[in-house]
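Indexing begins at 1, ligand by ligand and atom by atom, following the structure's order.
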Amino acid sequence: MVEVRSRLWLPFTQMQSFDASQRTFIRGEGTSLVDSRGRRVYDAVSSIWTIVHGHCHPDIVRAIAEQAATLDHATTLGATNPLAERLASRLCALTAMDYAFFASDGASAIEAALKMAVQYWQHAGEPQRTRFVRLVDAYHGDTSGAMSVSDIAAFKSHFGALTFDAIPYGDDTLLERDDIAAVIVEPIVQAAAGMRIVPRESYRALREMRPLLIVDEIATGFGRTGTMFAFEQLDVEPDIICVGKGITGGTLALSATLARSRIFDAFLGELTEARQFFHGHSYAGNPIACAAALASLETFERESTMENVMRIAEASRERLTHLAVNGAVAHTRQAGAMIGIELRSAREGQRVAADLYDRGHFTRPIGATVQFVPPLSSSVPEVHAFFDALEDTLA
Ligand SMILES: Cc1ncc(COP(=O)(O)O)c(C=O)c1O
C-alpha cells in the first residue's frame, strides 16, 4: 500500500515516487526559488517558461494588490472592465493584431483559436474548412483540441478517444485543399520538443495561403527568443496569435487569442443571427491578471528587458560553443534565451537535473534535453554560474 501523505495530485508527476520534502517551494525572490529546506535555487527554467522579470517583482506585486482591492473580478460575458480594455489595446499594438479574446491558460487560448477558425469559416461561406495542419513534433497544450493539433506521442497517446486527427505539414499542396481551416505553428522553436529549432524555410509557404495561420506564441512570447514575439523574426502574417505564460510576468494565469479584423468582423451580426463567438471562460479578462500583465509590460520598458535578453543569449551562446564539443553532449540548441542541451540519454537528463538542483540550479529535463530558459532578468554571472554547474556535473 502506498502511504498517502498529501491530497495534492501534481501534473505530469509520478505521485508514487514524488517526495514533497525535496520539492516544496515556499518563496520566490528575484531569479530564485526557496524550498522548505531553506535551499535557494536559481529558477533556470523560469517555472516552465512563465517567469519574466523574476519572482515577486515589487511593481507587479503592487499592481496586483492595488487591483485586488479595487475590482477583483467581474465577468466579461457581456460586460467589460478598464484593465481588460487597456491590456487588449497594448497586446494589439505590440503584435499589430486587431482584437484580443482573453482566456486563462495557454491551452484554453489554443482551444479558442481552433474554435474561432472553425466558426469563422462557417460565417465566411466555407463551412467545409474544418481540418487543421500542424508541424511535426508540435505541442500546443493538454486539452482535447490542443492535444489534437499536437504531435508528441508521450503527451497524447492515452487520449485517442478524445482527439481528432490533424494533418502533419509537409507538402505545400496541402495548403491548397479546400477543407483546411488553419495551419497552426510554433514560431522558430518548439519548446516542449526539447527546444527543437524549426528550419525557417518551413514557414515560407504560409504567407500566401487561404487557410488561416495560427501562431502559438505561448512559450516564445514576451521576449524569450530575442524579440518580443518570435514571429517577428519570420516572414509570416498571422491571422491569429495565442499568447500566455509570460503575459503576466509569470504571476497569474492569463492567456489571449489575438485576431485580425477580418476574423472579428465575420462574427458581427444581429442578435437573432447567433453569429457571436460561442466560447468563453469564467475568468476571461480578470482585472487582477490584466493589471499584472500591464505592469509586466511596463517593466519590460523600464528595465530594458529586451537588452538583457541579448546579454543572456550572448553569454549562453559562448558557453554552448564549449559544450558542443563535450562528449556528454549530443546536441545544443538555442533561440535567444530558450536553450536545450541534449545529452546522450533520458536517464542522463534526469541525473544531471537532480545534480544541478543540489548545486543550486532548478531545471526540468525534457527526455534527454536539459533546458535552460532563464528569467529574462537574469544577470550574466547567473548565466555563467548555471553553465559552470552544468559543466561540473557533466565532468
Ligand atoms: C507552445 C505551447 N503552446 C501551448 C502550451 C500550453 O500552455 P498551458 O500549459 O499554459 O496550457 C504550451 C505549454 O507548455 C506551449 O509550450
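- Contacts between Trp49 and ligand 1, counted as non-hydrogen atom pairs separated by less than 4.0 Å, involve the side chain only.
- Taking a 6.0 Å sphere around CZ of Arg86, one finds it holds 12 or fewer heavy atoms contributed by other residues, nucleotides or ligands.
- The distance from ligand 1 to the heavy atoms of His140 drops below 4.0 Å at these ligand atoms: 3 (N), 4 (C), 5 (C), 6 (C).
- Between Ala192 and ligand 1, a contact under 3.5 Å exists for no N or O pair.
- Between His53 and Phe300, the two ring planes are perpendicular [angle over 60°; tilted spans 30° to 60°].
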Query - Audit row: Gln233, Thr225, side-chain hydrogen bond (donor to acceptor under 3.5 Å, both in side chains) steps and yes/no - result: CA-CA 9 Å; Gln233 299 172 48; Thr225 66; 3.1 Å; yes
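- Atom 1 (C) of ligand 1 has its nearest heavy-atom neighbour, among Asp216, Thr220, Val149, Thr50, in Asp216.
- Note on ring orientation: taking the six-membered ring where Trp is involved, the planes of His279 and Phe277 are parallel (angle under 30°, cut-offs 30° and 60°).
- At least one donor-acceptor pair closer than 3.5 Å links the side chain of Ser378 to the backbone N or O of Pro375.
- Ring planes of Tyr283 and His73: tilted class, angle from 30 to 60°.
- Remark: ligand 1 atoms within the under-4.0 Å shell around heavy atoms of Ala219 are 16 (O).
- Considering only non-hydrogen protein atoms, atom 10 (O) of ligand 1 sits nearest to Gly106 N, 2.8 Å.
- Residue contacts with ligand 1 for Lys245 involve side-chain atoms from C-beta outward but no N, CA, C or O (heavy atoms, distance under 4.0 Å).
- For ligand 1, none of its N or O atoms has an N or O atom of Glu186 under 3.5 Å away.
- Between Phe386 and His361, the ring planes are perpendicular. Angles over 60° get that label, and only those under 30° would be called parallel.
- Arg359 approaches Asp392 most closely through the heavy-atom pair NH1-CB, 3.3 Å.
- When heavy-atom distances to ligand 1 are checked against a 4.0 Å cut-off, Ala191 has no atom that comes that close, whether in backbone or side chain.
- Counting protein heavy atoms only, atom 12 (C) of ligand 1 is closest to Tyr139 CE2, 3.6 Å.
- The nearest protein atom to atom 11 (O) of ligand 1, hydrogens excluded, is given as Ala107 N, 2.8 Å; this is a heavy-atom distance.
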